[in-house]
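Below is one structure, written out as structure tokens, with a few remarks after it.
All of these numbers come straight from a predicted model, not from anything done at the bench. Just the heavy atoms: all of them, side chains too, but no hydrogens, waters or symmetry mates, feed the values below.
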Amino acid sequence: MSLKKFYPDLYVDSAYDIDYPALWDRGVRGLLFDIDNTLVPHGKPETAEAVALFSRLHAMGFETCLISNNQEPRVSPFAKAMETRYLCDAHKPSTKNYIRAMEQMGTDRETTVFIGDQLFTDIYGARRSGIYSILVKPIHPKEEIQIVLKRYLERIVLHFYKKSLKK
């Protein structure tokens, strides 16, 4: 089994460090985001930084959508604060809601980017959907036990990913 299906197209420190104007210049028009540990610490409400980011992205002309495996009570208020559409209980890495989000935004695989913090759900789902993927480092180290276990496996994949970049 090849680990490459879990590799992101780009790996950056934070969703707040991404060069969004460069994405726009490349023809990207839709941005899909995970919430927890991508935009805010796990389970936390919106921050002024997250609201400002989405405001700036919308002013640039980007369509946005949150895709979360979390439930409606978590995702809906967050999306409302970001003034964006959302899909909750998304069953990532299933491709169904990545495709549904693109349909809602009026974008396609070539004009959409996904931004998330987990390889085995976020990035793998985006890759399976044919979408450019950006992996960000998790915002906060405190996570649920099942995610902590996945992080150990992610370290192995990231080791090989980083090695592949040096070739």
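- Without hydrogens or angle criteria, Glu46 side chain to Phe78 main chain gives no donor-acceptor distance under 3.5 Å.
- Atom CD1 of residue Ile99 and atom OG1 of residue Thr95 lie 4.0 Å apart, to the nearest 0.5 angstrom.
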task = Could you please spell out the steps behind the side chain to side chain contact (heavy atoms under 4.5 Å, CB included) verdict for Leu31 and Leu23?
result = CA-CA 10 Å; Leu31 300 170; Leu23 292 177; 4.2 Å; yes
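- The aromatic rings of Tyr161 and Tyr11 sit perpendicular to each other, their planes meeting at more than 60°, with 30° as the lower class boundary.
- By the 4.5 Å heavy-atom criterion applied to side chains, Phe54 and Glu83 are not counted as neighbours.
- Neither Met102 nor Phe33 shares a network with the other; the hydrophobic side chains, linked directly or stepwise wherever heavy atoms of I, L, V, M, F, W or Y lie under 4.5 Å apart, form separate groups for each.
- In this structure, Met105 is not a member of the same hydrophobic cluster as Val113, with clusters built from ILVMFWY side-chain heavy atoms closer than 4.5 Å.
- Distance alone, capped at 3.5 Å, is enough to place a donor-acceptor pair between the Arg74 side chain and the Lys44 backbone.
- Side-chain atoms of Tyr132 and Leu10, non-hydrogen and from C-beta on, do get closer than 4.5 Å to each other.
- When all heavy atoms of Cys88 and Glu72 are compared, the pair lying nearest together is SG-OE1, 3.3 Å.
- In this structure, the separation between CG on Asp122 and CD1 on Ile134 is 12.5 Å, given to the nearest 0.5 Å.
- Shortest non-hydrogen contact noted between Ser133 and Pro8 is OG-CA, 3.4 Å.
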query = Step by step, would you call Glu63 with Arg85 a side chain to side chain contact (heavy atoms under 4.5 Å, CB included)?
reply = CA-CA 9 Å; Glu63 295 292 328; Arg85 51 182 72 77; 3.0 Å; yes
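- Using a distance-only test at 3.5 Å, with no hydrogens or angles considered, a donor-acceptor pair links the side chain of Asn69 to the main chain of His91.
- Without hydrogens or angle criteria, Arg128 side chain to Pro93 main chain gives a donor-acceptor distance under 3.5 Å.
- The two residues Gln118 and Glu154 make their nearest non-hydrogen contact at CA-OE2, 3.3 Å.
- Partners of Lys137 by salt bridge (charged side-chain N to carboxylate O under 4.0 Å, His left out), not counting sequence neighbours, listed by chain and number: Asp13.
- A donor-acceptor pair is defined here as one N or O able to donate and one able to accept, closer than 3.5 Å; such a pair exists between the side chain of Asp36 and the backbone of Gly43.
- The OG1 atom of Thr38 sits 10.0 Å away from atom CG of Leu66, with the distance rounded to the nearest 0.5 Å.
- Counting only distance, with no hydrogens or angles, the side chain of Asn70 and the backbone of Val75 share no donor-acceptor pair below 3.5 Å.
- Annotation: side chain to side chain donor-acceptor pair (under 3.5 Å) contacts involving residues 96-108, sequence neighbours excluded, comprise Asn97-Arg100, Thr107-Thr112, Asp108-Thr111.
- In this structure, OG on Ser68 lies 10.0 Å from CG on Leu87, to the nearest 0.5 angstrom.
- Looking at residues two or more places apart in sequence or on another chain, you find no side chain to side chain donor-acceptor pair (under 3.5 Å) involving Arg29.
- A distance of 11.0 Å separates CD1 in Ile35 from CG in Asp117, rounded to the nearest 0.5 Å.
- Contact record, Ala101 with Ile67: CB-CD1, 3.8 Å, taken as the closest heavy-atom pair.
- Ring geometry for Phe6 versus Phe120: interplanar angle over 60°, hence perpendicular rather than tilted (30 to 60°).
- Relative orientation of the Phe62 and Trp24 rings is perpendicular, given thresholds of 30° and 60° on the angle between their planes.
- A distance-only check finds a donor-acceptor pair linking the side chain of Arg127 to the backbone of Tyr7 [under 3.5 Å].
- If you chain together hydrophobic residues whose side chains sit under 4.5 Å apart, Phe114 and Tyr86 never meet in one group.
- Taken to the nearest 0.5 Å, the CG atom of Leu32 stands 8.0 Å off from the CD1 atom of Ile115.
- Among all heavy-atom pairs drawn from Ala15 and Tyr20, the shortest one is O-OH, 2.7 Å.
- In plain terms, the two heavy atoms of Leu39 and Ile139 that are nearest each other are C-CD1, 3.3 Å.
- In this structure, a donor-acceptor pair under 3.5 Å is present between the side chains of Thr64 and Thr84.
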